[in-house]
Novice: 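Structure provided below as structure tokens; questions to follow.
Both ligands and their constituent atoms are indexed starting at 1 by order of listing.
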Amino acid sequence: MNQHCILVVDDEPHMRRVLEIMLRSAGHTVYVAGNGREALEILRDNPVDLVITDMRMPEMDGIELLNTMRRDGMGVPVILITAHGSVESAVHAMKCGASDYLLRPFDLEELELAIARVLNEAAMLRQNSFLREELNRGWDAFIGTSVAMKAIYELIRQVAPAKAPVMIAGETGTGKELAARAIHNASPRRDKLFVPINCAAIPAEMLEAELFGYEKGAFTGALKDRIGKFELANEGTVFLDELTEMPIALQAKLLRFLQDNTVERLGSNRRIPLNLRIVAATNRHPRDAVNEGRLREDLYYRLNVLPITLTPLRERKEDIPDLLAHFIVKHSPRADGRSMPSAEVVKHLLAYDWPGNVRELENMVERALVLCGSGPFNMSHFPLEPDASLRQAAAPESPITLGPLTPAVEAFEARLIGLALEQAGGSKQKAAALLDISERSLWYKLKKYGPQTTDTQG
Ligand SMILES: Nc1ncnc2c1ncn2[C@@H]1O[C@H](COP(=O)(O)OP(=O)(O)OP(=O)(O)O)[C@@H](O)[C@H]1O
Ligand SMILES: [Mg+2]
């Protein structure tokens, strides 16, 4: 397990100490705080990867701490510890924006599992600028008045009230997650949970447990019952992102759920009835995914009752000026009436094809805001070319010399990935497709080969 900086918040000195020892023994760097206020001070001055906090504390409790962190723009993931082993308190914690919860008493192994789960997810979510979206969810977040977007708003309005599953298709960065949230927020379920699950981010062998939960003893490491995300989201919406990355065997279980609306925790034979809305997304054409054997045909038919296909940005370029203005306001440090880029710059942006779609545009604006400081925008702030570090990674190969195999193979692999990312305009989905590997394995390789390949756009 990797080592991380973890902040432990608990008002009871003994509990604090126990957690500190557990985490140190697992190799983490640990900060401790006795209450929410102390925790906030530590968070302001230190690079903390994760907060583990007791739910109940005098003065500022765990939920209040979490709310304050989010209000102050701190996206650090939070695990809440609750003493009451009920589904309700778990739901409450998740509703307040916790990444996970732990029920007392727990042991080191459980703690480590929760940490791994949360940090793994956090890394993936950072890639997707999820925390930002979190602050910005719902209808108002949608920008664009093109015919294509108006048709999407209309579709969302139509499908929202129904219970039937929705299948959203669209290239990377076209707003699939935004659309899924809009459907939830326009539905009668809006006051219940919206639970996103990225099927590509969770290791295949853990996904089933994550979705359906498990009972104590179902497998090694299953030390107590745990409810799955489906049960957690009961009465709300589950968003299955990157559906085609879900193992085929699990797709069969999903189909069964869609037919009878019950789930079975691993290691149990009791079926639990649930009332859930499923919204799934994929950046492939669902039909192609069926042909490639990545999506079960029967599941495809079941999900495709209400299909929504998002239009790539290059086919609705008239939305670019509005999106540009929106992202400038969204990412300006203060709402200080910054002026729009010149007509010349806008023209330059309109000429580009935006393979990473709206997300690419958003990232571009964020970068331009940094580059231009307090001055006006100019062309050089919007370099519409692949990242220089990637170009370097994809530079022509030097002649082969004899030496150890592993580093040579890895160096070659890193270059190939750099090249794929360049061709894909920074889109990891496309790069993975070009390399014919899963996004999950691309993700692991990017982590392995370090920041020069990962620090591109999401
Ligand atoms: N029409 C839009 N108006 C405003 N913001 C948008 C719009 N479409 C997308 N965005 C923003 O662009 C970013 C990417 O959107 P989102 O994550 O929904 O895309 P996605 O289709 O799920 O991408 P991926 O397939 O890569 O996961 C988000 O920050 C989102 O808020
Ligand atoms: Mg997405």
Novice: For Met74, does its backbone N or O pair with a side-chain atom of Asp72 as donor and acceptor, under 3.5 Å?
Specialist: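 Pair absent, no side-chain N/O of Asp72 close to backbone of Met74.
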
Novice: So, regarding Glu242 and ligand 1 (criterion: nitrogen or oxygen to nitrogen or oxygen, under 3.5 Å), is there a contact or not?
Specialist: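 No.
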
Novice: Where does Leu323 meet ligand 1, judged by heavy-atom distances below 4.0 Å: at the side chain, the backbone, both, or neither?
Specialist: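 Side chain only.
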
Novice: Return yes when Gly170 approaches ligand 1 closer than 4.0 angstrom through a heavy atom, no otherwise.
Specialist: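 Per 4.0 Å heavy-atom rule, Gly170 does not contact ligand 1.
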
Novice: Between Glu360, Glu362, Arg359, Lys430, flag the one that comes closest to atom 30 (C) of ligand 1 by a heavy atom.
Specialist: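 Shortest heavy-atom distance from atom 30 (C) of ligand 1: Glu362.
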
Novice: Nearest 0.5 Å, what's the CD1-CD1 distance between Ile437 and Ile417?
Specialist: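 It is 5.5 Å, given to the nearest 0.5 Å.
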
Novice: Is Glu110 paired with Arg226 through a side-chain N to carboxylate O contact shorter than 4.0 Å?
Specialist: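 No, Arg226 and Glu110 are not salt-bridged.
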
Novice: Judging by distance only, is a nitrogen or oxygen of Met149 under 3.5 angstrom from one on ligand 1?
Specialist: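 Not met; the criterion fails.
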
Novice: Counting only nitrogen or oxygen atoms and a 3.5 angstrom limit, does His326 reach ligand 1?
Specialist: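 Between His326 and ligand 1 (N or O atoms, distance only) the closest approach is not under 3.5 Å.
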
Novice: Any N or O on Phe142 sitting closer than 3.5 Å to an N or O of ligand 1?
Specialist: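 Min N/O separation from ligand 1 is not below 3.5 Å for Phe142.
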
Novice: Looking at CZ of Phe230 and NZ of Lys253, how far apart are the two atoms once the value is rounded to the nearest 0.5 Å?
Specialist: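 It is 12.0 Å, given to the nearest 0.5 Å.
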
Novice: Can you tell me how far CE of Met379 sits from OG of Ser342, rounded to the nearest 0.5 angstrom?
Specialist: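 So the gap between those two atoms works out to 7.0 Å.
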
Novice: Which of the numbered atoms in ligand 1 are below 4.0 angstrom from a heavy atom of Phe327?
Specialist: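 Per the distance check, 5 (N).
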
Novice: Answer with yes or no whether the side chains of Thr174 and Asn357 bring together a donor and an acceptor at under 3.5 Å.
Specialist: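 Note: Asn357 and Thr174 side chains miss the donor-acceptor criterion.
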
Novice: Which one holds for Tyr153 and ligand 1: side chain close, backbone close, both close, or neither close, with close meaning a heavy atom under 4.0 Å?
Specialist: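 Neither; no heavy atom under 4.0 Å.
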
Novice: Closest by any non-hydrogen atom to atom 10 (N) of ligand 1: pick that one out of Asp322, Val358, Ile152.
Specialist: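 It is Val358 whose heavy atom sits nearest to atom 10 (N) of ligand 1.
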
Novice: Looking at CG of Asn283 and CD of Glu171, how far apart are the two atoms once the value is rounded to the nearest 0.5 Å?
Specialist: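 Interatomic distance, Asn283 CG to Glu171 CD, rounded to 0.5 Å: 9.0 Å.
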
Novice: Are any of the N or O atoms of Arg316 closer than 3.5 Å to those of ligand 1?
Specialist: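 Among all N and O atoms of Arg316, none is under 3.5 Å from an N or O of ligand 1.
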
Novice: Has ligand 1 got any nitrogen or oxygen that is less than 3.5 angstrom from a nitrogen or oxygen of Asp241?
Specialist: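 In fact, backbone or side chain, Asp241 has no N or O that close.
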
Novice: Go through the side-chain N and O atoms of Glu112 and His28 and say whether any donor and acceptor fall under 3.5 Å apart.
Specialist: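 Present: a donor and an acceptor within the cut-off.
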
